[in-house]
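This report refers to the structure that appears directly beneath it.
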Amino acid sequence: MALPKRIIKETERLMAEPVKGISAVPHEDNLRYFDVTIEGPEQSPYEGGVFKLELFLPDDYPMTPPKIRFLTKIYHPNIDRLGRICLDVLKGNWSPALQIRTILLSIQALLGAPNPDDPLANDVAQKWKEDQNAAIETARQWTREHAKP
Amino acid sequence: MESPPFSLEPPPLVPRRESGAGLPDPLSATAGEAVLNPDSRRNSFSVGRPPNSPSPLALMATGSPPARPQRYKVQPPDLASLDYIDTPAPQLICGICQSPYVLPVRLPCDHYFCKDCLSHHFATQDAGNKSCPMCRGKLDINQESLEVPKIMQDMLDALRVRCPNTRFGCSWEDERGNVRTHVMIYCKHSLVECPVAGCDLYCTQTDYGKGCLHYTVQCEKCQGSIYQSDVEILFLDMKKHMDSDCPNTVAACQGNIVGCKVAEIRKDVVAHERTCPMALMAPYFREQQTRLGLAEARIGPLERKVGLLERGLDSITYKLYPAKSRRGTLENLYSEDTTSVPSDSIPEFRLPDPSFPQWGSNDRATAPPPFDSQIDHLLTLHESLREEVSRIKMELNESEGRTNMLVFNENARIRDDMLHMSGALNNVRAQVHWMMSEKLRPSASSGGSTAAADSNKAASSNGNTRSGTQGASHSMAARTAAARLPPRRLSDSTRQETKL
Ligand SMILES: [Zn+2]
Ligand SMILES: [Zn+2]
Ligand SMILES: [Zn+2]
Ligand SMILES: [Zn+2]
Ligand SMILES: [Zn+2]
Ligand SMILES: [Zn+2]
């Protein structure tokens, strides 16, 4: 099946003008499958960590959002233990005008601003609400342990 | 007709173009285990055999005409997948397909999208809940689409594109507005509709006469050695499979360009190539070969150029030899015939400088030119030729000036001589005149008649038997008398002049 022009263009642009702190490299044998790394944003519990993600563009992309999940363990109220992300633009708020680049930036922003009121990982969100400082400390510790650069 | 080495048994009817066969959706929150399955690439191109279509062999055997009329039905160009030569302005880029708009549509929020892109987008949204992909503004689906400014359509039509059949060999490039006309009417590489009724696929014009080729076949050679699903390939791709993929087709070792003789079935050859030093060297040698080919292709024009230069030099030399011989000695100056000039008087024309490399075919082998590249060499050659020519030109000018001086001097001397001579001549004439007039004065009264009588007598006596010397002296006397006559008899002198 031929790769749509848009995916080729996006990939070329991701390679030519990489976003700071984000990289996305397509697999050689499947250009719809990307290895993604995101650096934890500064001033956040994830600072200093490098998180691996996988990203897959479904057949009807860009009409449907890309499928993306964390491979690196991360302590975050909007990311469950399987790495799935609760982000509105990845679900109902998806728009075909969004791109891989913008989605990855949104995920990076989500790391900088966790939202325990719209949780995916209920236990984490619970802890986050009860004792935010302890939760942040746990997130730091997980980052040190699992998200080594 | 040789039968192809694969079975033509029609595979069981499968739905045409099975669309992304139910990819697992592991990330949906309902999925128990999240496992991304990236391996959707084997979303095979397997296409079922068209219903009721005879096999190509049957078509060829019976010569039955294709079900479609012979007129080609050309696939219209897909404007959305065109290849643009320049980067289009971002204002002309659709937010959905990231390419310049095709049939742009304007939304009330003043956002533009391709017509197709937008309808695809709307198809994923619930009715009555349509929104703009850019600003998410709510849209009324029943509202008529707004008019797109003509200047936008004009700018889109003016974008320069390549022919969509570039990969088939078309080199056409022009404005996007003309691409449809080109593909539908003029392009020789357009895909045409499959000639068999019931098949909706397209084939190249050269395959048109072969009937429908759009069904899967099985490679007999690798059957059983790998999974069935991998062996089924589209008839059209069979050759490619045999040439580059099939593990059971006989192939030669990569190193065969350097002499490796191994040729086995591809599986074994691949294993052999890992150890074959010649196969390891093959890419290097191939590169060298292409470079050699390039260099040889460049030598041709250079040789022609050198030939031209040599011929030019020869003609210059040829022109210069006679000119050179004129220089110098006076006898050369007077002799019109240059070939009579003794050859040792020609100064030897030194054609090349001492450093000037000879371009004889023998010399080239023994003494390679001391230059880095042929072009450098040619340039120096050209430069030295130019110097040579300008030097020759200067010498020519110089020798011309010298020759002029010589001629002038010689002329002056000769003129002096002539003046001298004419002076002397005048002197002599004056003396002769004086002597004559002295001698004639005594017989001035009767001289005329005596002279006439004398001349008569001499004329008559010429016929007589006198001695030759006496006759000669007599006639001499008569002539002097005749010459003496004119100054004295004016009528005679005028008569003589008219006679002359
Ligand atoms: Zn579009
Ligand atoms: Zn809008
Ligand atoms: Zn063309
Ligand atoms: Zn067909
Ligand atoms: Zn095969
Ligand atoms: Zn070999």
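Just so you know, these numbers use all the heavy atoms, side chains as well, and skip hydrogens, waters and symmetry mates. Convention: sequence-line order gives letters A, B, ...; per-chain numbering from 1. All figures in this text were calculated on a predicted structure; none of them were measured in a lab.
- In terms of heavy-atom pairs under 4.5 Å with chain A, the best-connected choice from B:Gln125, B:Met134, B:His121 is B:His121.
- B:Leu118 does not touch chain A: none of its heavy atoms, backbone or side chain, sits under 4.5 Å away.
- Counted within 6.0 Å of NZ on A:Lys52, heavy atoms from surrounding residues, nucleotides or ligands total 12 or fewer; the atom is thus considered open.
- Interface residues of residues 92-114 of chain A toward chain B, defined by a heavy-atom distance below 4.5 Å and sorted by number: A:Asn93, A:Trp94, A:Ser95, A:Pro96, A:Ala97, A:Leu98, A:Gln99.
- The 12-atom threshold is not exceeded at NZ of B:Lys115, counting heavy atoms of other residues, nucleotides or ligands nearer than 6.0 Å.
- Other residues, nucleotides and ligands contribute more than 12 heavy atoms inside 6.0 Å of the CE atom of B:Met152.
- Remark: B:Leu82 CG to A:Lys5 NZ distance equals 8.0 Å, nearest 0.5 Å.
- Contact record, A:Lys9 with B:Pro100: NZ-CD, 4.4 Å, taken as the closest heavy-atom pair.
- Neither the backbone nor the side chain of B:Ala123 comes within less than 4.5 Å of any heavy atom in chain A.
- Shown here is A:Glu28, whose CD atom has no more than 12 heavy atoms of other residues, nucleotides or ligands within 6.0 Å.
- Of all residues in residues 165-176 of chain B, none places a non-hydrogen atom less than 4.5 angstrom from a non-hydrogen atom of chain A.
- Interface remark: B:Ser99 contributes backbone and side-chain atoms alike to the contact with chain A (heavy atom separation under 4.5 Å).
- The local environment of NE2 in B:His120 is sparse, with at most 12 non-hydrogen atoms from other residues, nucleotides or ligands closer than 6.0 Å.
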